[in-house]
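Down below is the structure, laid out as structure tokens.
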Amino acid sequence: MSFVCNWYVTNMKLKLISTAAFGLLVFAILNFVYPGLMNFHEQNQLFLFTTDYFGERIATCGGLADYVSEFLVQFFYVPAYGAWIYAAALCAIQLLVYYNFRHNDNNLYFLSFIPSILLFLYSGNENLLFSFVVAMLFVLLYIKLSDFNTMLSLILLPLFYWCVGAMSVVNFLYVAY
């Protein structure tokens, strides 16, 4: 019995270390190799603390994800802060993918890195807004929270579409799966 407990603890440590190593790698690349991405995003997006701006953002499909991402992008002025935010978002996506699909096979932890790695590679395109990453994070959180009631998840899908836009298709595919 103690062998099983020791193996589980060691396995969990390996999982946490690999997630932390991925986050540090993303931070290092974005902060030291490609800090211009953070500055580009910060200079090309605007965030205002007014109710009119909030209403204007929420009035469009995917507006909530845009609003939250524009709030976070204002911290990209300092590339280190932006790199930490980006790394934290990608690590959160990796962990949510793991926890959403963990019930299928607990030994496939390293496959949960694939969406985060693909998002990171695609983020090399300057025209990809950070709202895409935030929308993916919202979708995975919604899947995790609505996992208990599939029917409620389908009923709230139009409202969720209004919050995150086309990324809500990922939720539909997950429910269909």
Inset, instruction - For the pair Phe113 and Tyr109, evaluate ring pair (Phe, Tyr, Trp, His ring centres under 6.0 Å) and give the outcome as yes or no after the intermediate values. - result: CA-CA 8 Å; Phe113 284 95; Tyr109 181 77; 5.7 Å; yes
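Checked by atom type and distance alone, the side chain of Asn31 never pairs as donor or acceptor with a backbone atom of Phe27 at under 3.5 Å.
Note that the CG atom of Leu140 and the OH atom of Tyr99 stand 14.0 Å from one another [nearest 0.5 Å]. Note that the CG atom of Leu95 and the OG atom of Ser112 stand 7.0 Å from one another [nearest 0.5 Å]. Once rounded to the nearest 0.5 Å, the distance linking CG of Leu90 with CG of Leu118 reads 11.0 Å. In this structure, the separation between CG on Leu96 and NZ on Lys144 is 8.0 Å, given to the nearest 0.5 Å. Considering OG of Ser69 and CZ of Arg57, their distance stands at 8.0 Å, rounded to 0.5 Å. Considering CG of Leu72 and CD of Glu42, their distance stands at 12.5 Å, rounded to 0.5 Å.
Under the 4.5 Å side-chain contact rule for hydrophobic residues, Leu24 and Val133 do not share a cluster. Following chains of ILVMFWY side-chain contacts shorter than 4.5 Å, one cannot reach Phe40 starting from Phe32, and the two form parts of different hydrophobic clusters. Linking ILVMFWY residues whenever their side-chain heavy atoms come closer than 4.5 Å, directly or via other members, leaves Trp84 and Leu30 in distinct clusters. By the criterion of side-chain heavy atoms lying less than 4.5 angstrom apart, applied directly or through intervening Ile, Leu, Val, Met, Phe, Trp or Tyr residues, Leu129 is not grouped with Leu48; the two fall into different hydrophobic clusters. One hydrophobic cluster, built from ILVMFWY side chains closer than 4.5 Å, holds both Phe120 and Phe110.
Heavy-atom minimum distance, Cys91 versus Thr19: SG-O, 3.6 Å. Minimum heavy-atom separation, Leu119 to Met136: CD1-CG, 4.1 Å. Between Ala65 and Ser131, the shortest heavy-atom distance links the atoms O-CB, 3.9 Å. Taking each heavy atom of Gln45 and Phe130 in turn, the nearest pair found is NE2-N, 4.5 Å. Across every non-hydrogen atom of Ala89 and Leu137, the tightest pair is O-CD1, 4.2 Å. Among all heavy-atom pairs drawn from Trp162 and Ile58, the shortest one is NE1-O, 2.9 Å.
Between Phe76 and His41, the angle of the ring planes goes over 60°, which puts this pair in the perpendicular group of the 30/60° scheme.
Aromatic rings of Phe71 and Phe75 (six-membered ring for Trp) have centroids within the 6.0 Å cut-off, being under it.
For Tyr81, the OH atom counts as loosely surrounded, since its 6.0 Å shell holds 12 or fewer non-hydrogen atoms of other residues, nucleotides or ligands. Within a 6.0 Å sphere centred on OH of Tyr77, other residues, nucleotides and ligands contribute 12 heavy atoms or fewer.
Tested against Tyr67 for a ring pair (Phe, Tyr, Trp, His ring centres under 6.0 Å), the candidates Phe49, Phe138, Phe54 yield a single pass: Phe54.
The closest side-chain heavy-atom distance from Val139 to Phe160 is below 4.5 Å. Residues Glu70 and Leu46 have side chains not in contact (no heavy-atom distance under 4.5 Å, counting atoms from C-beta outward).
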